[in-house]
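Report on the following structure.
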Amino acid sequence: TRTDLLKQVLPPGNFRNVQAAVIDLAPGATAPRHRHDVAVLAYVLEGTVENQFDGGATHIHKEGDSWWEAPGTVHDVARNPSSTARARLLVVYIGEEGKPATVPIK
């Protein structure tokens, strides 16, 4: 069987560098505010993740959910809201050679 999760046209650019990572968030863990200078595809493998992008509304993503972030998206909130269960994400970064995947914002 096949389950389509997301379809996204890449923005203009030289998107030739792909990197995949599994991110583990311990119960209550929060990532610092950051920006992605590459495109990001994320898929929740386990648990729940709370996100806020570019000052917008907060979104709750549960196991099996996915989302897309265009290059330049500011990740204001990225946290595991659970006090007892970990969260695991598969994150695929798609970008131009030499551009950092994640840039901290203070």
Candidate pair Val44 and Lys62, rule side-chain contact (heavy atoms from CB on, under 4.5 Å), full reasoning: CA-CA 6 Å; Val44 182; Lys62 298 181 180 182; 5.9 Å; no

Would you say the side-chain atoms of Asp37 pair up with the backbone N or O of Gly72, donor to acceptor, closer than 3.5 Å? no

Hydrophobic cluster identity match, Leu10 and Val18, side-chain contacts under 4.5 Å: yes

Spatial distance of atom OH (Tyr43) from atom CG (Leu5) [nearest 0.5 Å]: 5.5 Å

Taking the side chain as C-beta and beyond, is there a heavy-atom pair between Val77 and Thr58 under 4.5 Å? no

Can you tell me how far the CZ atom of Arg33 sits from the CD atom of Gln52, to the nearest 0.5 Å? 9.0 Å

Hey, is the main chain of Ala26 close enough, under 3.5 Å, to the side chain of Asn80 for a donor-acceptor pair? yes

If we only count heavy atoms from C-beta on, is the Thr102 to Tyr93 side-chain gap below 4.5 Å? yes

Looking at every non-hydrogen atom in both residues, tell me the closest pair between His34 and Ala31 and how far apart they are. CE1-CB, 4.3 Å

Please round to the nearest 0.5 Å and tell me the distance separating atom CD of Glu50 and atom CD1 of Ile60. 4.0 Å

Pro71 and Ala39 have their tightest heavy-atom pair at CG-N, 3.7 Å

Give a yes or no on whether Val103 and Val91 share a hydrophobic cluster (residues Ile, Leu, Val, Met, Phe, Trp, Tyr; joining criterion: side-chain heavy atoms under 4.5 Å apart). no

Distance check, rounded to the nearest 0.5 Å: Asn17 atom CG versus Ile94 atom CD1? 10.0 Å

Establish whether Val92 and Leu6 are linked, either directly or via other cluster members, by ILVMFWY side-chain heavy-atom contacts under 4.5 Å. yes

Are Leu89 and Val49 close enough that some pair of their side-chain heavy atoms sits under 4.5 Å apart? yes

Linked, directly or transitively: Phe15 and Val40 (ILVMFWY side chains, under 4.5 Å): no

Could you tell me how the ring of His59 sits relative to the ring of His61: parallel (under 30°), tilted (30 to 60°) or perpendicular (over 60°)? tilted

According to a 4.5 Å side-chain heavy-atom criterion applied to Ile, Leu, Val, Met, Phe, Trp and Tyr, with indirect links allowed, do Val38 and Val74 form part of one hydrophobic cluster? no

Given Thr73 and His36, is the side-chain contact (heavy atoms from CB on, under 4.5 Å) satisfied, shown in steps? CA-CA 6 Å; Thr73 298; His36 297 290; 5.6 Å; no

dist Leu25:CG -> Thr30:OG1 (nearest 0.5 Å) comes out at 8.5 Å

Rounded to the nearest 0.5 Å, the CD atom of Glu63 sits from the CG atom of Leu45 at a distance of 8.0 Å

Look at the side chain of His75 and the backbone N and O of Phe53, then say whether any donor-acceptor pair between them is shorter than 3.5 Å. no

Side chain proximity check, Ser82 to Thr48, heavy atoms < 4.5 angstrom: no

Between Asn14 and Glu96, is there a donor-acceptor pair closer than 3.5 Å when you use the side chain of the first and the backbone of the second? no

